[in-house]
Amino acid sequence: MSSPIQRRVGQVFVPVRDMAAAIRWYAAVLGFEPGVASHGGTVYDIPTDGETRLALDANRPDFVASGPPRFFLWTDDMAATVEHLRRLDVTITSDVEDIGSVFFVQFEDPDGNALMVCQRA
């Protein structure tokens with residue numbers, strides 16, 4: 001079976017309500033210098049490593065943040081990651097869990113979006 005759709009993720013959009021606050025929060029958590037949103041202040045491209053891009057999107061401020069994380073970010077040091085999140089007073093929503101192939105921790109951004117960081121076991 002074939003498809004003209006490639007199995008490569010181009011960009012993940014994270015819905016946010018307050019773009020300026022979201023940029024500051026993600027900059028602190030992910031360690032980059034905050035910049036200015038584009039598209040009339042409704043989209044901000046987070047600097048990423050690799051091909052997949054990550055964007056904050058304030059075009060639908062009436063969204064409902066629910067459900068599991070839609071993606072995860074990698075770390076090489078879970079203990080340092082958890083300490084970093086605690087230092088920033090991030091809402092951590094799970095203990096560090098070991099599922100065999102990875103360790104992971106879940107947390108929320110200020111809009112209630114579920115996020116996850118994984119470390120290979």
Here the side-chain hydrogen bond (donor to acceptor under 3.5 Å, both in side chains) pairs for residues 38-57, sequence neighbours left out, are R8-E51, Q11-D45, T42-N59, D45-R53, D57-N59
Is there a path of hydrophobic side-chain contacts, each under 4.5 Å between heavy atoms, that joins V117 and V9? yes
Table please: side-chain donor-acceptor pairs of residues 23-37 below 3.5 Å, with sequence neighbours left out.
unit_1	atom_1	unit_2	atom_2	d
R24	NH1	A20	O	3.4
Y26	OH	D109	OD2	2.6

Tell me whether F103 is reachable from I92 by hopping between hydrophobic residues (I, L, V, M, F, W, Y) whose side-chain heavy atoms are closer than 4.5 Å. yes
According to a hydrophobic-cluster definition based on side-chain heavy atoms being under 4.5 Å apart (Ile, Leu, Val, Met, Phe, Trp, Tyr only), do V16 and V64 belong together? no
Just wondering, do F13 and L54 contact through their side chains at under 4.5 Å, heavy atoms? no
At their closest point, which heavy atom of A114 faces which heavy atom of G67, and how far apart are they? CB-O, 3.7 Å
Identify the heavy atoms of A65 and D111 that sit nearest to each other, and give their distance. CB-O, 3.4 Å
Can you name the nearest heavy-atom pair linking R17 to P61, along with the distance? NE-O, 3.3 Å
Nearest heavy atoms of V43 and A55, plus distance in Å: CG1-CB, 4.3 Å
Taking the side chain as every heavy atom from C-beta outward, state whether R70 and P68 have any pair of such atoms under 4.5 Å apart. yes
Return yes if some donor-acceptor pair links the side-chain N/O of D95 with the main-chain N/O of E97 below 3.5 Å, else return no. no
Note, M78 side chain near V105 side chain (heavy atom, < 4.5 Å): yes
For C118 and F104, work out which heavy atoms get closest and say how close. SG-CB, 3.7 Å
Does any part of the side chain of L115, heavy atoms only, come nearer than 4.5 Å to the side chain of Q106, both counted from C-beta? no
If I compare all heavy atoms of F107 with all of L85, which pair ends up nearest, and what's the gap? CD2-CD1, 3.8 Å
Drop me the distance from W74's CH2 to R120's CZ, to the nearest 0.5 angstrom. 4.0 Å
Just wondering, more than 12 heavy atoms not from D77 lying within 6.0 Å of its CG? yes
Hydrophobic cluster membership, with links at side-chain heavy-atom distances under 4.5 Å among I/L/V/M/F/W/Y: are L73 and L88 in one? yes
Going by heavy atoms in the side chains, are D76 and Q119 under 4.5 Å from each other? no
